[in-house]
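Right, one structure below, let's go through it.
In what follows, chains are A, B, ... by sequence order, proteins preceding strands, each numbered from 1. Note that these values count all heavy atoms, side chains included, but never hydrogens, waters or copies made by symmetry.
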Protein chains: 4
Amino acid sequence: MQLHIEASNGIPIYEQICRQVKFAIANKALQVGEHVPSVREMAGRIAVNPNTVSRAYRDLQTDGVLIPIRGTGLAVTPEAPAKCNAERLDLIRDRLRIVLAEAHHNQITPDEIRQLVESELHRLESLDADNSLKPVTTGETA
Amino acid sequence: MQLHIEASNGIPIYEQICRQVKFAIANKALQVGEHVPSVREMAGRIAVNPNTVSRAYRDLQTDGVLIPIRGTGLAVTPEAPAKCNAERLDLIRDRLRIVLAEAHHNQITPDEIRQLVESELHRLESLDADNSLKPVTTGETA
Amino acid sequence: MQLHIEASNGIPIYEQICRQVKFAIANKALQVGEHVPSVREMAGRIAVNPNTVSRAYRDLQTDGVLIPIRGTGLAVTPEAPAKCNAERLDLIRDRLRIVLAEAHHNQITPDEIRQLVESELHRLESLDADNSLKPVTTGETA
Amino acid sequence: MQLHIEASNGIPIYEQICRQVKFAIANKALQVGEHVPSVREMAGRIAVNPNTVSRAYRDLQTDGVLIPIRGTGLAVTPEAPAKCNAERLDLIRDRLRIVLAEAHHNQITPDEIRQLVESELHRLESLDADNSLKPVTTGETA
DNA sequence: GTGGTCTAGACCACG
DNA sequence: GTGGTCTAGACCACC
């Protein structure tokens, strides 16, 4: 499981972690019963404070996605895949909705929006192509 | 000029005001030299704290979009339309970019994204139809 | 609204705060729309770290009991009274259940349990009598 | 001697073991001089980490309830029954006290408490009836 | 070793 | 002024 944390695109780090763990479960990158990386390991891996990871894991427990296994760590619950699959597109949709609503309220036409979307999709694909050649981070604003 | 403030969709209110004033200028709803509503009137109209409006107007002055006219209020600068037109799509694009980037990082396919976009666009149109209720069948969006 | 924090009866402080805010709402000591004491004030009042109060308030927001009012604080939501009333006895029942289950698993008879309960109830009443005012009319101040 | 471990009702597993061994002694399910199951056997029987059982047995030795018999294991001390009988109701009372105190602090009336107690006692009896038919775990999975 | 709780304090966003 | 986020680190419970 690989997380892409961007500090900061406006989304709190702990929430980015939350969301990406859910995506990883939806994508089968994390299986039921499997342990998520320990707080300390994850914190080291993505270079944030352990408490930030802890906060994210706590939220995931509240959501019923993770469950503590005494003394060994946190595991993916049996219900998690269903929840995460159901949420998979919703998580994106919610964010997309407010962006499109703003565009729409301000007289940007559906066709202009479609063009923006297409140009961004192409941009992402070409970034992928670049990254597959050289594993360099790109476009980070932080 | 009508503002659509949503408290809170994650965007600070003062920034929503800023953005929408710029959009209004780009859309010719606000002309060069025209006065923007006073801080007090605007605050009353959209039911927010006057300080919040004040903060937005301050940012707009910094951006060179508004200019104070002694004793009368704030007017749209001659340079504003050009700036606002240039920014019009950029403002949306920036926000769209981070949403699509997240989707893409998490194995959501371009086609799924396109479907989400289309369903949201349709949703916005039907919301419009409900709100206006005028029996218009021309399909024009503006 | 008066909170009784006991550090420590095994319940984390932040959870004690959470529970007691809910009880206060159920008891009409906190009304819909009313603001809860600010994080800093509450922290000072019950002599705990502000972050501990903050954690409790955050959980209450997740539960839909409190809602942030931009820049002014946290208010009781319209839905809160219903939720808190519904939870009022459940919060106690859940804790009672594990105690009684343990007693029952270990051959303590229902009648023994009833006796324990009665003796504790009497104890609490006599504590009340001591703490508040004994029905004395002498006018002593202390 | 049968232990009912519930991971997790908030009571640490090692303490649940401790308490239940004491209850077993108070109930004559464990006699003076009798050996308690070995750490390994007990750990297997209740499906917990052997270290957890070990920790519980260590506490019981500290309490003078168990004593090591060279090469054979841990036996119930002659003083144990008296201690355990004396503690029998106290262990429950202590836990009951904090629950009832919270209820009382929050305007839950003695009669409401009595009703909760009665309903929980009935619930426990009906669970027993069910279990005597089918020796199934109570349905709490985690 | 694991996670949980709490404290302390910096910094920011918001109104 | 308000709450939110993040960092840092101590201490504890559990396994």
- Item | Nearest-0.5 Å distance, CZ of residue Arg55(C) to CZ of residue Arg55(A) |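 One gets 8.5 Å once the value is rounded to the nearest 0.5 Å.
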- Specify the residue among Ile69(A) and Pro50(A) whose closest nucleotide of DNA chain F lies further upstream toward the 5′ end.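 The residue whose closest nucleotide sits nearer the 5' end is Pro50(A).
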- Item | Contacts of type side-chain contact (heavy atoms from CB on, under 4.5 Å), residue Ile69(C), not counting sequence neighbours |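 With sequence neighbours excluded, Ile69(C) shows a side-chain contact (heavy atoms from CB on, under 4.5 Å) to His35(C), Ile67(C), Thr72(C), Ala75(C), given in chain and number order.
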- Task: Go through the structure and list residues passing side-chain contact (heavy atoms from CB on, under 4.5 Å) with Asn27(A), not counting sequence neighbours.
- Result: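 Asn27(A) satisfies side-chain contact (heavy atoms from CB on, under 4.5 Å) with Phe23(A), Arg88(A), Gln107(B) only.
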- Rounded to whole angstroms, how far apart are CD1 on Ile17(D) and C1' on dC15(F)?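 Taking CD1 of Ile17(D) and C1' of dC15(F), I get 11 Å after rounding.
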Write down the protein N/O and nucleotide N/O pairs, taken from nucleotides 3-6 of chain E, whose separation is under 3.5 Å; answer none if there are no such pairs.
{"from": "dG3(E)", "atom 1": "OP1", "to": "Val39(A)", "atom 2": "N", "distance (Å)": "3.0"}
{"from": "dG3(E)", "atom 1": "OP2", "to": "Val39(A)", "atom 2": "N", "distance (Å)": "3.1"}
{"from": "dG3(E)", "atom 1": "N7", "to": "Arg40(A)", "atom 2": "NH1", "distance (Å)": "3.0"}
{"from": "dG4(E)", "atom 1": "OP1", "to": "Gln61(A)", "atom 2": "OE1", "distance (Å)": "3.4"}
{"from": "dG4(E)", "atom 1": "OP1", "to": "Gln61(A)", "atom 2": "NE2", "distance (Å)": "3.0"}
{"from": "dT5(E)", "atom 1": "OP1", "to": "Tyr14(C)", "atom 2": "OH", "distance (Å)": "3.1"}
{"from": "dC6(E)", "atom 1": "OP1", "to": "Ile13(C)", "atom 2": "N", "distance (Å)": "2.5"}

- Excluding sequence neighbours, so at least two apart, what forms salt bridge (Lys or Arg N to Asp or Glu O under 4.0 Å) with Arg40(D)?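 Result, salt bridge (Lys or Arg N to Asp or Glu O under 4.0 Å) vs Arg40(D): none returned.
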- Side-chain donor or acceptor of Gln61(B) paired with backbone N/O of Pro68(B) under 3.5 Å: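 Here the side-chain-to-backbone pair does not exist.
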- With pairs defined as Watson-Crick or G-U wobble and both distances under 3.5 angstrom, please note down DNA chain E as a dot-bracket string, | for pairing with another strand. ||||||||||||||.
- Take Leu3(C) and Met42(C) through the side chain to side chain contact (heavy atoms under 4.5 Å, CB included) test and state the conclusion after the steps. CA-CA 9 Å; Leu3(C) 301 196; Met42(C) 176 70 89; 3.6 Å; yes
- Could you tell me whether Lys83(D) and Glu87(D) have a side-chain N and a carboxylate O separated by less than 4.0 Å?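 Judged by the 4.0 Å cut-off on N to carboxylate O distance, Lys83(D) and Glu87(D) do not form a salt bridge.
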- Message: Run the ring-ring contact (aromatic ring centres under 6.0 Å, His included) test against His4(B) and tell me which residues pass, sequence neighbours left out.
- Response: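 For His4(B) the ring-ring contact (aromatic ring centres under 6.0 Å, His included) partners, ignoring immediate neighbours, are His105(A).
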